[in-house]
Amino acid sequence: MGSKSDQYIDEQDVLKTVLIIGISGGLAQLLAKLILKEKPHWKVIGVDSRSTSNVFKHKNLTSLRIRFSRGSFENLFRDHSFDYVYHLARISSATVYKDLTKRLELNVMGTNRILDLCYRFDVKKIVVLSTFHVYGALDDNGIFLKEDAPLRASIKYPELRDVVEMDQVCSNWMWKYQNEVDSVLLRPCNIIGSQIANTTSKFLMSQFALRPIDYNPVFQFIHEFDMAMVLFRALNDLPTGIYNVATDEFIPLRKALDTIGSKGIPFPITIASALNKILKLSNMEVPEYLIDYLKFSCLIDNSLLKDHLGEDPFRFNIKETLNLIRLN
Amino acid sequence: MLERFTLSEKERAHKDLKFKQLEERYKDYSDPWGFNLNTVKQAMDVVYPLYKRYFRVRVFGLEHVAEEPYMVVSNHTGQVPIDGMLIATAFATELDKPRVVHSMIERFMAGLPFLGDISARAGSILGDRENCKWLLNKGESILVFPEGVRGINKSTQDFYKLQRFSHGFYRIALQSQTKILPISVIGAEEMFPFVFQAGGIGKKFGLPSLPITANLVPLPSPIDIYIGEPIEVSKDLSPEAPDKEIRPHVYNIEKIIKRNIHNGLQSRRKFFEWVRNPINILMNKTF
């Protein structure tokens, strides 16, 4: 039998309603499952502008296909009085949205609208998923970039402008409204796993992955379950701020490919940019910035995250993370 | 010619023993630049015969090296950074407890295909304050050339003229209270005895320098490496102190290295007179 204070916390917990934006994504669904398991009485509303037919069913989960620019999205906030909002709907340039203007509209203006709604409808906390790509993979990168390192990605890669601007919109908003809304901006390293269909996971799992012979950058990886756990714990354990998310471990790319058992195709990345220009003619090019991530390391510092989540908050080490990528 | 590079059985056994010691020392070590013991071994297999037979390196002052991290500070000579490779080989093969000394390389080099990767796997790092801090905290030693590109790319008339040291290395040493180990390398300038620096053209191609030399392959100039006594860094000085406060300490290190260069030049081997004499006549001075 719990104490009076425990009962009070439980009663408070029963009333929580969480909005997850981007619910069709693998990571968002892992997070939803985690929330519903850890907090069985919470209610989760998942929205996505893509189809939500792949979303798992649960009595406390409602998933809706909705565009964030529409009035119906605003009505959701009105109807549900969300306590917490997760914004996991950043659109990558490696997706179907190759047009930067379109992505700027969705990522920057869309995020701005979500933040505005959080403020207007008294959301207690918002957690936004950004990416370590904002720092850029550059040949003069120092090691273990801290959260206050300059976001240099868009200097070299215009196609990452929307990603950097979205991050900056969030951080500016965070400090402006820090007394009204708790907000957490997460910049994770490469999230990989069998359920998350991001470019890095696809690259590592592909038997036709290019295996650089002239460069061997060092990578950090985090398992999708660990990332979902960080997102979940962000609600209670992370105060307003920006946090890099990475484990202590790192691994050179070729060793990572060996660990997974992916032989790949040995290839000089030096000529990849030229090849990409040819592929562009048939609209099959890969984003230019991804080529540089196969050349230069971009490692992030995790000390701020560990200050709040503990010395070793992750379940999987890097070897396990890589080995688990093929499991379904 | 090839047999000149072939090591004796005793030398091969020595190299293998030193690598085994390195293997033991670094079995649990990994760094964020991709350090790889196999690459170190491959590098030793290639460089050690050159070190012993081609450049016939002699090392003086090994007794000054204790089992602790150092900021190894050396003069930089010879157009291509062979001096760094030879110093690293000396630390990997001549010490009772051998170690990998991590050389700081230029940004230009770190970004090059193949070379950037191989040098990182062999233990080199990009010259960056955070990188150095990380290594020193791990108990590793760092090799720095505070003259930078100015030191390595000198024309013939400036051989062995020590260029003014930058201060960054001393600030890093202050921060971590790491001792400075001064090194003077003699003989590397003569690997490329006739040099003209076409820096202007080099800059147009994005190169830090463009030495035009009479020979493309470094000549087998005998190399002497002098290791000075470790220098304690100031305990009262802040790493963020103004340059005018840092300068006297850096100048003191310059003086020690300069003195060792001077002494080394007096006692170096008379091997390559046929190269040095014409230079001396040309420049009307004695090196």
Side-chain angles (χ1 to χ4, degrees), chain A residues 132 135-146 148-150 152 156 189 210-221 244 246-259 266-274 291-292 294-303 317-319, chain B residues 26-43 102-138 140 142 144 148-149 168-169 171-172 175-176 205-208:
Chain A
F132 79 114
Y135 297 115
L138 296 125
D139 59 358
D140 61 348
N141 266 349
I143 47 159
F144 303 121
L145 300 166
K146 290 188 188 298
D148 56 2
R152 300 198 293 165
K156 194 167 177 192
C189 63
L210 297 182
R211 185 186 174 90
I213 56 169
D214 44 354
Y215 290 93
N216 195 18
V218 178
F219 274 58
Q220 288 166 306
F221 295 106
N244 289 334
T247 66
D248 288 337
E249 295 175 298
F250 40 80
I251 188 168
L253 176 58
R254 290 204 286 267
K255 197 172 174 191
L257 290 168
D258 290 342
T259 306
F267 190 81
I269 293 296
T270 312
I271 64 164
S273 290
I291 294 173
D292 268 7
L294 297 180
K295 287 163 78 174
F296 308 121
S297 305
C298 177
L299 301 178
I300 53 175
D301 176 81
N302 64 0
S303 49
N317 64 33
I318 201 160
K319 203 173 169 193
Chain B
Y26 290 96
K27 63 182 178 196
D28 298 321
Y29 173 85
S30 65
D31 72 25
W33 302 276
F35 176 80
N36 187 315
L37 266 173
N38 287 334
T39 309
V40 173
K41 183 174 187 325
Q42 286 161 0
H102 301 267
S103 350
M104 280 170 68
I105 56 171
E106 291 288 330
R107 283 165 206 274
F108 169 74
M109 171 95 170
L112 288 176
F114 297 104
L115 274 178
D117 173 32
I118 292 167
S119 55
R121 282 190 281 139
S124 297
I125 57 162
L126 178 72
D128 175 279
R129 196 182 281 206
E130 289 301 314
N131 294 356
C132 294
K133 266 166 58 183
W134 192 92
L135 281 169
L136 292 171
N137 285 339
K138 293 270 173 191
E140 292 296 301
I142 296 169
V144 291
V149 178
F169 79 93
R171 292 183 190 280
I172 296 166
Q175 197 165 34
S176 52
F205 290 98
L207 302 169

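Everything numeric here is computed off the predicted structure, so don't read it as measured data. Chain letters run A, B, ... following the sequence lines, proteins first and then strands; every chain starts at 1.
Between B:Asp117 and A:Arg254 there is a salt bridge, since at least one side-chain N of the basic residue sits less than 4.0 Å from a carboxylate O of the acidic one.
Of all the heavy atoms in A:Asn216 and B:Arg121, the pair that sits closest is ND2-CD, 4.3 Å. For A:Thr270 against B:Pro113, the heavy-atom pair with the smallest separation is OG1-CB, 3.2 Å.
When heavy atoms are compared at a cutoff of 4.5 Å, B:Asp31 approaches chain A solely by way of its backbone atoms N, CA, C and O. Proximity to chain A is absent for every atom of B:Leu115, based on heavy atoms less than 4.5 angstrom apart. Looking at A:Ile143, the atoms closer than 4.5 Å to chain B (heavy atoms on both sides) sit in the backbone and in the side chain alike. Using a 4.5 Å cut-off between heavy atoms, A:Ile213 touches chain B through backbone and side chain atoms alike.
By the 4.5 Å heavy-atom criterion applied to side chains, A:Phe250 and B:Ser30 are counted as neighbours. Taking the side chain as every heavy atom from C-beta outward, B:Pro32 and A:Phe144 approach each other to under 4.5 Å.
In this structure, B:Glu130 CD and A:Asp301 CG are separated by 9.0 Å, a value rounded to the nearest 0.5 Å. Distance CG/B:Leu126 to CG/A:Asp139: 8.0 Å, rounded to 0.5 Å.
With a 6.0 Å radius and a threshold of 12 heavy atoms from other residues, nucleotides or ligands, A:Lys319 has its NZ atom at or below the threshold.
In this structure, the side chain of A:Tyr215 does not engage the main chain of B:Gly116 through any donor-acceptor pair within 3.5 Å.
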